[in-house]
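Have a look at the structure below, then the notes.
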Amino acid sequence: MREQLRHLLDMTERNNVTVQAIPFSAGAFPGSGQAILYARGEVPCLDTVQLDRTTVAEFLHMEAQLRKYRLQLDQMQRMALSPDKTRDLIHSIARQL
């Protein structure tokens, strides 16, 4: 686990990576327990959401579906700690191991 935390901390040093954690104290949030990958690019009509299901990955492309997941991810980001506070949390957890 220490190596995983170290890796996360290393990734926070990259300009193209943002790491934000939602602490348990925030309570339930939309999308908890579900892996969501939102692939966004310069051409919005090519955006794709990938949901990992038990037996298969599901890919969503319709604008209504994309809008739903954009809103959900925006809400998750608002609940999350800032990148700096996330680093502090990761350091705190690593020290406890």
Who passes side-chain contact (heavy atoms from CB on, under 4.5 Å) against Asp52, sequence neighbours left out? Ala35, Gln50, Ala57
Kindly write out the residues that satisfy side-chain contact (heavy atoms from CB on, under 4.5 Å) with Leu97, not counting sequence neighbours, or none if the list is empty. Met1, Arg2, Leu5
Atom pair OG1 (Thr48) and CE (Met62), whose distance is rounded to the nearest 0.5 Å: 13.0 Å
Can you sort out the partners of Arg53 under salt bridge (charged side-chain N to carboxylate O under 4.0 Å, His left out), two or more places apart, ordered by chain and number? Glu58
More than 12 heavy atoms of other groups within 6.0 Å of Gln34 CD: yes
Could you state the interatomic distance from OG (Ser82) to CG (Asp88), rounded to the nearest 0.5 Å? 7.5 Å
Among residues two or more places apart or on two chains, list those pairs meeting salt bridge (charged side-chain N to carboxylate O under 4.0 Å, His left out) that have a residue in residues 10-27. Arg6-Asp10, Glu13-Arg87
Could you go step by step and tell me if Val49 and Gln65 meet the side chain to side chain contact (heavy atoms under 4.5 Å, CB included) rule? CA-CA 8 Å; Val49 169; Gln65 295 167 322; over 6 Å; no
Side chain to side chain contact (heavy atoms under 4.5 Å, CB included) between His7 and Glu3: does it pass, once the steps are laid out? CA-CA 6 Å; His7 179 71; Glu3 284 300 313; over 6 Å; no
Extract all donor-acceptor atom pairs below 3.5 Å that involve side chains of residues 17-25 and protein atoms in other chains or at least two apart in sequence.
from, atom 1, to, atom 2, distance (Å)
Gln20, OE1, Gln77, NE2, 3.1
Gln20, NE2, Leu81, O, 2.9

Taking salt bridge (charged side-chain N to carboxylate O under 4.0 Å, His left out) as the definition, give me every residue that meets it alongside Asp84, ordered by chain and number, with sequence neighbours left out. none
Between CG of Leu8 and OG1 of Thr86, what distance do you get to the nearest 0.5 Å? 10.0 Å
Show every salt bridge (charged side-chain N to carboxylate O under 4.0 Å, His left out) that has at least one partner inside residues 17-37, sequence neighbours left out. none
So CG of Asn16 and CE of Met11: to nearest 0.5 Å the spacing works out to 9.0 Å
When Ile, Leu, Val, Met, Phe, Trp and Tyr are grouped by side-chain heavy atoms lying under 4.5 Å apart, directly or through other members, which residues fall in the same group as Leu37? none
Under 4.5 Å side-chain linkage, directly or through intermediates, the cluster mates of Phe59: none
With sequence neighbours excluded, what pairs up with Ser92 under the side-chain contact (heavy atoms from CB on, under 4.5 Å) test? Arg95, Gln96
Taking all heavy atoms of Leu66 and all of His61, pick out the closest pair and write down the distance. CD1-O, 3.4 Å
Which pairs, with at least one residue in residues 38-47 and sequence neighbours excluded, count as a side-chain hydrogen bond (donor to acceptor under 3.5 Å, both in side chains)? Tyr38-Asp47, Tyr38-Arg70
